[in-house]
Amino acid sequence: MPVRSRTEIRKFDHLEIALREDVGFRSSNWLDEAHLIHRALPELDLEDVRLDLEFLGHRIRAPILIESMTGGTREASKLNVILARTAEKFGIPLGLGSQRAALESPNLARTFKVAREAAPSIPIFANMGIPQLRGEDGFEIASSVVEMVDADALCIHLNALQEAVQPEGEPEFSRGLEAIASIAKSLNVPVIAKETGCGISGDVAKSLEGAGVACIDIGGAGGTSWSAVECHRARRMGMRRRERIGLTFWDWGIPTGASLLEASNSTKLPLISSGGLRNGLDVAKSIALGASLGGFARKLLLAANAGPRRLEDVMETLLEELRIAMFLTGCKDIEELRRVPVVLSGRLLEWAKLRGIDPEKYSMRR
Ligand SMILES: Cc1cc2nc3c(=O)[nH]c(=O)nc-3n(C[C@H](O)[C@H](O)[C@H](O)COP(=O)(O)O)c2cc1C
């Protein structure tokens, strides 16, 4: 057996902790504070509801993304095949996990390439973190990870919290925007800027648009907490101070519902809503609040780990829930869902008002 690199060991820990430990935010994604209005007379049949749409130049069959998660370990390879086959079957895009491990140990490239082999026709997103792309070789690295998996877009993940809390993290984000802009300008595929569970604020969304990214995945707070994941790792490593810090920042971030309001009021870019999405109704609410897609990470990882049939069952349920939410609001397609009225309440309403976002813009549609 070849010796595992430090990155590979870390990736293995992340996967194992995400599958076995409690790593969820204690607070919610705030989408419970966004209400779609029931239409007792939808004036359409449930079977007429259509979920397909255009996303970054691709026709996809439903507005759902399997978020960037795995690769870089032998164990992850098996999961990537299951996730990729399911994405192919459902005609939806798939994000891959950070490809850093494969750059360090080229033999691990297989653990990512298996996804393209299993899913020849769907959009696949390559993945790399901003700390690794800031150097002079940033563009070269970006191009090589895209080429490695024949990707249709590159996700650049912004994970400042995780890098700050992780025992061996690299919290080096200076000139990050400059690096994103230079990659976005020259790369032959679109760039997606992506948070990993702390959300994107309105001003950051605007800066990213100015830097030339094609899409933003808001990755808000309310689902998987990377501070929690690193807290568990630190505890296992006996690093008491790191564990303490991980506990302090467990719930840090902009809740997904609030981040979506921030981003959709600051940019016209397509948005992916993610971070603690639980079901198809959360996807419907996200689209009504301005997203193009809803992204799921840990929920689908747990399902994939239970096997392909379980994952397909979870996917079917998500699609059915989304279809029913559209039927009940009288929307025959995704375009109509984007224009449906939404009433904000509680903390989400308060957030909107305090941040200068007009809640009537949503509630008074039609
Ligand atoms: C096991 C695991 C590994 C992940 N690895 C990556 C990664 O390598 N790159 C990345 O951009 N995001 C990564 N993420 C973050 C997810 O893409 C997503 O932003 C985050 O988990 C929030 O979604 P959720 O609440 O649905 O889990 C990972 C998530 C999980 C659960």
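Indexing begins at 1, ligand by ligand and atom by atom, following the structure's order. In this text the structure is predicted, and so the values were computed from the model without any measurement.
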Under 3.5 Å, N or O to N or O, is [X] touching ligand 1 that way?
X      : result
His14  : no
Met69  : yes
Gly295 : no
Ala297 : yes
Lys194 : yes
Asn127 : yes

Could you establish whether [X] and ligand 1 come within less than 4.0 Å of each other, counting only heavy atoms on the residue side?
X      : value
Gly219 : no
Gly275 : yes
Thr196 : yes

Original post:
ligand 1 versus Lys11, non-hydrogen atoms closer than 4.0 Å: side chain, backbone, both, neither?
Top reply: side chain
**OP:** Check each heavy atom of Thr70 against ligand 1 and say whether those closer than 4.0 Å belong to the side chain, the backbone, both or neither.
**Re:**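 It is neither part, as no heavy atom is under 4.0 Å.
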Regarding [X] and [Y], does a basic nitrogen lie under 4.0 Å from an acidic carboxylate oxygen?
X      : Y      : value
Glu88  : Arg85  : no
Arg6   : Glu168 : no
Arg323 : Glu316 : no
Lys89  : Glu312 : yes
Arg50  : Asp333 : no

Original post:
Considering Gly97, Ala76, Ser68, which one's heavy-atom position lies nearest to atom 6 (C) of ligand 1?
Top reply: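 Going through Gly97, Ala76, Ser68 one by one, Ser68 has the nearest heavy atom to atom 6 (C) of ligand 1.
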What atoms of ligand 1 come closer than 4.0 angstrom to any heavy atom of [X]?
X      : value
Glu67  : 17 (O), 19 (O)
Gly276 : 24 (P), 25 (O), 26 (O)
Glu195 : 19 (O)
Leu301 : 1 (C)
Gly223 : 25 (O)
Ser98  : 7 (C), 8 (O), 9 (N)
Ala18  : 1 (C)

Original post:
Going by the ring pair (Phe, Tyr, Trp, His ring centres under 6.0 Å) test, which pairs reach into residues 191-226, not counting sequence neighbours?
Top reply: His14-Trp226
Original post:
Taking only residues at least two apart or on different chains, which pairs with a member in residues 252-281 satisfy ring pair (Phe, Tyr, Trp, His ring centres under 6.0 Å)?
Top reply: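 For residues 252-281, and leaving out neighbouring residues, the ring pair (Phe, Tyr, Trp, His ring centres under 6.0 Å) pairs sorted by first residue read Phe249-Trp252.
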Just checking, is any N or O donor in the side chain of [X] or [Y] under 3.5 Å from an acceptor N or O on the other one?
X      : Y      : result
Glu104 : Thr7   : yes
Asn279 : Lys299 : no
Glu33  : Ser345 : yes

Subject >> Protein heavy atom at shortest distance from atom 28 (C) of ligand 1 >> reply: Trp226 CZ2, 3.3 Å
Original post:
Looking only at protein heavy atoms, which one is nearest to atom 27 (O) of ligand 1, and how far off is it?
Top reply: Thr224 OG1, 2.5 Å
**OP:** Specify whether Phe125 and Phe55 have parallel, tilted or perpendicular ring planes, treating 30° as the upper limit for parallel and 60° as the lower limit for perpendicular.
**Re:**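 Geometry flag for Phe55 against Phe125: tilted rings.
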Subject >> Other residues, nucleotides, ligands: >12 heavy atoms within 6.0 Å of Arg26 CZ >> reply: yes
**OP:** Mark yes when over 12 heavy atoms from residues, nucleotides or ligands other than Arg59 sit less than 6.0 Å from its CZ; otherwise mark no.
**Re:** yes
